[in-house]
Participant: 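After the structure tokens below, expect a handful of questions from me.
All heavy atoms count here, side chains included; hydrogens, waters and symmetry mates do not. Below, chain A is the first sequence line, B the second, and so on; all start at residue 1.
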2 protein chains.
Amino acid sequence: MPSVTLKMIAKELSLSVATVSKALANSYEISEGTKAIVLEAARKMGYIANPYASSLRKRRSKTVAVVIPEIADSFFAKVINGIEEVALSYGYHVLIYMTHESLSREQAIMQDFRSGRVDGILMSVSEETDTVEHITAVMDSNVPVVFFDRVREELPTTCVITNDFESSYAATEHLISKSCQKIAFVGNSPTLAINRNRESGYKSALKEHNISYENVLICGNDPKSDYKILSSLFKSDGRPDGVILSVEKLIPLLYQVCHDLKVEIPSQLKVLTFTNFAMAEFLNPPLTTINQPAYDIGKVAAQTLFKKLARSNHIAEAESIVLPSEIIFRESSN
Amino acid sequence: MPSVTLKMIAKELSLSVATVSKALANSYEISEGTKAIVLEAARKMGYIANPYASSLRKRRSKTVAVVIPEIADSFFAKVINGIEEVALSYGYHVLIYMTHESLSREQAIMQDFRSGRVDGILMSVSEETDTVEHITAVMDSNVPVVFFDRVREELPTTCVITNDFESSYAATEHLISKSCQKIAFVGNSPTLAINRNRESGYKSALKEHNISYENVLICGNDPKSDYKILSSLFKSDGRPDGVILSVEKLIPLLYQVCHDLKVEIPSQLKVLTFTNFAMAEFLNPPLTTINQPAYDIGKVAAQTLFKKLARSNHIAEAESIVLPSEIIFRESSN
DNA sequence: CTGAAAGCGCTAACAG
DNA sequence: CTGTTAGCGCTTTCAG
């Protein structure tokens, strides 16, 4: 069954292709009568517009891309849901691309976008991303980019983030209030702003409370070496009594390390994590979390992108939209 | 910065568009010398083919769709990773669509695919899907569909599944061996084959062991009412001492219900769940799981789809590929 | 081996 | 209000 084209409808109704096209687009140029006839015929014949022909001609794809490190992450999964809701309401398609934390993947993906495949991009950069040329190149070819979560603030566009500094500061103070004296911070990348902000929130709180112990670890993207890095926390002398995880995927590893090294949470180690994870409450022990407003981040980022798409001359200037996170206190930090 | 087209390269090199096109496609018709020159110019000028023009002309999009109920599910997230790996190796793009368990969403999505937007479809149907017309319609327009996990076995195509009957049978036997006498089974849809298979595995095991107590609940897609349904298990007389969850997203709800109603796991209730969830080991108590080979299911499903795409006259017959699941025993069922 | 020409299906000027 | 014409950028006969 070959698909129905405008031409076939036109022939069927003895109209021109142009008229049919306009009628389906509900153009003011076409009489109501004709519109009705065309619509009816299109429905009956099962017409579905060829998106490739239409995109080629219109030079717009009605498609946005979401570029994220990983899909198996409750934060990103929820963000996507938020994005999808907005995109759907605008009649846009959403393409999801995973970088798997690889800069070269990310570069290849962005390169592809210079073809006009998508009208706009929502992006959270990889751990490895320490250059932005691949991003500016796309922006220069008039494809707007909006960042969320893992942003690059130096670029002239909107970043949707949460109050990382403040949350981290509050988290650190919370641990201090639970009489932690040696608090460690585990991040994933020294180059990411999000990580730097959380780290400085942590450090500021320590300074404010005159605590000299500082311990910042950087985990990567390999469970085995990350396991070792986390283990190292407890194998040296300055063994911490509290730890803040900046990365969701480290949760099982940390619980595993504590289990293996018989470090008891929370009596020996208080734990607190940035995450969005539905099961945090039912872990053993229940995990104190900093919940990011993932769904809303997705919505706001998408809305911002569509605003930029609406005006051809969107203003290109750096701007941040900050949505607050929320700390949920549970037993792991008690 | 407008994007570079074939025409621009052709002009630059004083060649015809056709020659440039063929050279870039590495056609045997073009001399090595010309190919080298064209490739070099294309690279220098930053040429990226317009996918819409190319798809329109070739009538193939080099794109496959993944249609799933939800992305925030560790099973589906891993399946996507498997699919992506294979798709990437074939130079295909992957479009992800979520039905959010809505049949009408699913129908709208499938409808769209009749436009030729994608060359093939990998699909796991929604809970609500009790008709397949929207699927056969797409298959009739020559877009091959491969099912995985939530399959419709009556359709003439390949289904990639796991041994649901056997796993469920084994799971039930396991609970019986732990001296459960009243085992409940919680599914999500009476129409889905996957659910029916798990249910019959459960029932067969009970029968085999001469246990007359049977208790099958069906949860939906609304946490609040699901919470009530799960609660009802413990509010009647025939209160179970074991339960098998067929659906990952019910895990937090069940733990919540047990917490609220002070049902202790595993002393009062042994629990076992179909899932793929990395944190199962660190729940309180650690959760016995039936792990599906999600990543491999994705890979095999994608490979099967590409095989179908390779031959224009792919044989349309029902076929199942079964990958085994694995039970991981933990404290929740001990 | 290279090029001219036709056209994928659609939309957008522009005439009528 | 409707139709004609001219492409969008690319691939593919088919001629040379």
Side-chain angles (χ1 to χ4, degrees), chain A residues 2-39 41-42 45-63 91 112 114-119 141-142 312, chain B residues 2-39 41-42 45-63 91 112-119 141-142:
Chain A
S3 48
V4 179
T5 66
L6 281 190
K7 211 204 258 181
M8 292 159 77
I9 300 181
K11 190 186 244 177
E12 182 73 19
L13 299 179
S14 308
L15 282 171
S16 76
V17 176
T19 304
V20 176
S21 171
K22 287 177 194 162
L24 290 174
N26 198 23
S27 159
Y28 66 95
E29 291 180 286
I30 304 295
S31 74
E32 289 307 320
T34 315
K35 277 185 194 171
I37 293 168
V38 170
L39 243 62
M45 299 173 70
Y47 172 74
I48 302 156
N50 182 317
Y52 297 114
S54 165
S55 294
L56 175 59
R57 183 60 235 242
K58 288 203 286 197
R59 316 177 130 280
R60 306 182 83 233
S61 60
K62 279 262 183 185
T63 302
D112 181 56
R114 300 175 64 185
S115 68
R117 184 183 292 278
V118 298
D119 297 342
S141 45
N142 273 313
S312 46
Chain B
S3 48
V4 180
T5 66
L6 282 189
K7 210 203 255 181
M8 291 159 78
I9 300 181
K11 190 185 244 177
E12 182 72 21
L13 300 179
S14 307
L15 282 171
S16 75
V17 175
T19 303
V20 175
S21 171
K22 286 176 194 163
L24 290 174
N26 198 23
S27 159
Y28 67 93
E29 292 180 286
I30 304 295
S31 73
E32 289 307 320
T34 315
K35 278 184 194 172
I37 293 168
V38 170
L39 243 62
M45 300 172 70
Y47 172 73
I48 302 157
N50 181 316
Y52 297 112
S54 164
S55 293
L56 175 59
R57 181 60 234 241
K58 289 203 286 198
R59 318 178 125 279
R60 307 184 84 234
S61 61
K62 279 259 181 187
T63 302
D112 181 57
F113 291 158
R114 299 175 64 185
S115 67
R117 183 184 292 277
V118 298
D119 297 342
S141 46
N142 273 313

Participant: Under the side chain to side chain donor-acceptor pair (under 3.5 Å) rule, collect the residues that match up with A/R57, sequence neighbours excluded.
Facilitator: none
Participant: In whole Å, what is the span from the CG atom of B/N50 to the C1' atom of C/dC8?
Facilitator: 13 Å
Participant: How many angstroms lie between OG1 in B/T63 and CZ in B/F113, if you round to the nearest 0.5 Å?
Facilitator: 10.5 Å
Participant: C/dT2, OP1 or OP2 - any side-chain N/O from B/Y28 closer than 4.0 Å?
Facilitator: no
Participant: Distance check, rounded to the nearest 0.5 Å: B/Y52 atom OH versus A/S54 atom OG?
Facilitator: 10.0 Å
Participant: Whole-Å distance between D/dG9 C1' and B/L24 CG?
Facilitator: 13 Å
Participant: Identify every side-chain donor-acceptor pair in residues 25-36 of chain B under 3.5 Å, counting partners at least two apart or on other chains, and give the distances.
Facilitator:
residue, atom, partner, partner atom, Å
B/N26, OD1, B/K35, NZ, 2.9
B/S27, OG, B/E29, N, 3.0
B/S31, OG, B/T34, N, 3.2
B/S31, OG, B/T34, OG1, 2.7
B/K35, NZ, B/S27, O, 3.0

Participant: Compare every heavy atom of A/S61 with every heavy atom of A/S55, then report the nearest pair and how far apart it is.
Facilitator: OG-CA, 3.4 Å
Participant: Within the 4.0 Å heavy-atom criterion, would you say B/T19 contacts the bases, only the backbone, or no part of the nucleic acid?
Facilitator: base
Participant: Can you give each donor-acceptor pair under 3.5 Å made by side-chain atoms of residues 4-12 of chain A, sequence neighbours left out, with the distance rounded to 0.1 Å?
Facilitator:
residue, atom, partner, partner atom, Å
A/T5, OG1, A/K7, N, 3.4
A/T5, OG1, A/M8, N, 3.3

Participant: In whole Å, I'd like the distance from the CG atom of B/L56 to the P atom of C/dA6.
Facilitator: 18 Å
Participant: Going by the rule side chain to side chain contact (heavy atoms under 4.5 Å, CB included), which residues pair with B/R60 if we only count those two or more places apart in sequence or in a different chain?
Facilitator: B/Y92, B/D119, B/L309
Participant: So B/S55, base contact, sugar-phosphate only, or nothing? Heavy-atom distance under 4.0 Å.
Facilitator: nothing
Participant: List the atom pairs, donor and acceptor, that lie under 3.5 Å between side-chain atoms in residues 13-24 of chain B and the rest of the protein, sequence neighbours left out.
Facilitator:
residue, atom, partner, partner atom, Å
B/S16, OG, B/A18, N, 3.4
B/S16, OG, B/T19, N, 3.1
B/S16, OG, B/T19, OG1, 2.9

Participant: Taking only side-chain N and O atoms of A/S54, does any of them lie within less than 4.0 angstrom of OP1 or OP2 on C/dT11?
Facilitator: yes
Participant: How do B/E32 and B/R57 order along DNA chain C: which one's closest nucleotide is nearer the 5' end?
Facilitator: B/E32
Participant: Polar-atom pairs under 3.5 Å, protein N or O versus N or O of nucleotides 14-16 of chain D: list them with distances, or write none.
Facilitator:
none

Participant: Rounded to whole angstrom units, what separation is found between the OH atom of B/Y52 and the P atom of D/dG7?
Facilitator: 24 Å
Participant: Among the nucleotides D/dT4, D/dT2, C/dT2, which one has an atom lying closest to any side-chain atom of A/A18?
Facilitator: D/dT4
Participant: Tell me what B/A25 touches on the nucleic acid: a base, only sugar-phosphate, or nothing, going by heavy atoms under 4.0 Å.
Facilitator: nothing
Participant: What integer distance in Å separates B/M8:CE from D/dG9:P?
Facilitator: 9 Å
Participant: Grab the CG-C1' distance between A/N26 and C/dA12 for me, whole Å please.
Facilitator: 17 Å
Participant: Rounded off to whole Å, could you give me the NZ-to-P distance for the A/K62 and D/dC8 pair?
Facilitator: 23 Å
Participant: Verify the contact: side-chain N or O of A/S21 to OP1 or OP2 of C/dT11, cut-off strictly under 4.0 Å; return yes or no.
Facilitator: yes
Participant: Name the nucleic acid region contacted by A/T5, choosing base, sugar-phosphate or nothing; use a 4.0 angstrom heavy-atom cut-off, strictly under.
Facilitator: sugar-phosphate
Participant: Nearest to the side chain of B/Y47 - D/dC10, C/dG3, C/dC10?
Facilitator: D/dC10
Participant: Between C1' on D/dG9 and CD1 on B/I48, what's the gap in Å once rounded to a whole number?
Facilitator: 14 Å
Participant: Name the closest nucleotide to the B/S31 side chain, picking from C/dG3, C/dC1, D/dT11.
Facilitator: C/dC1
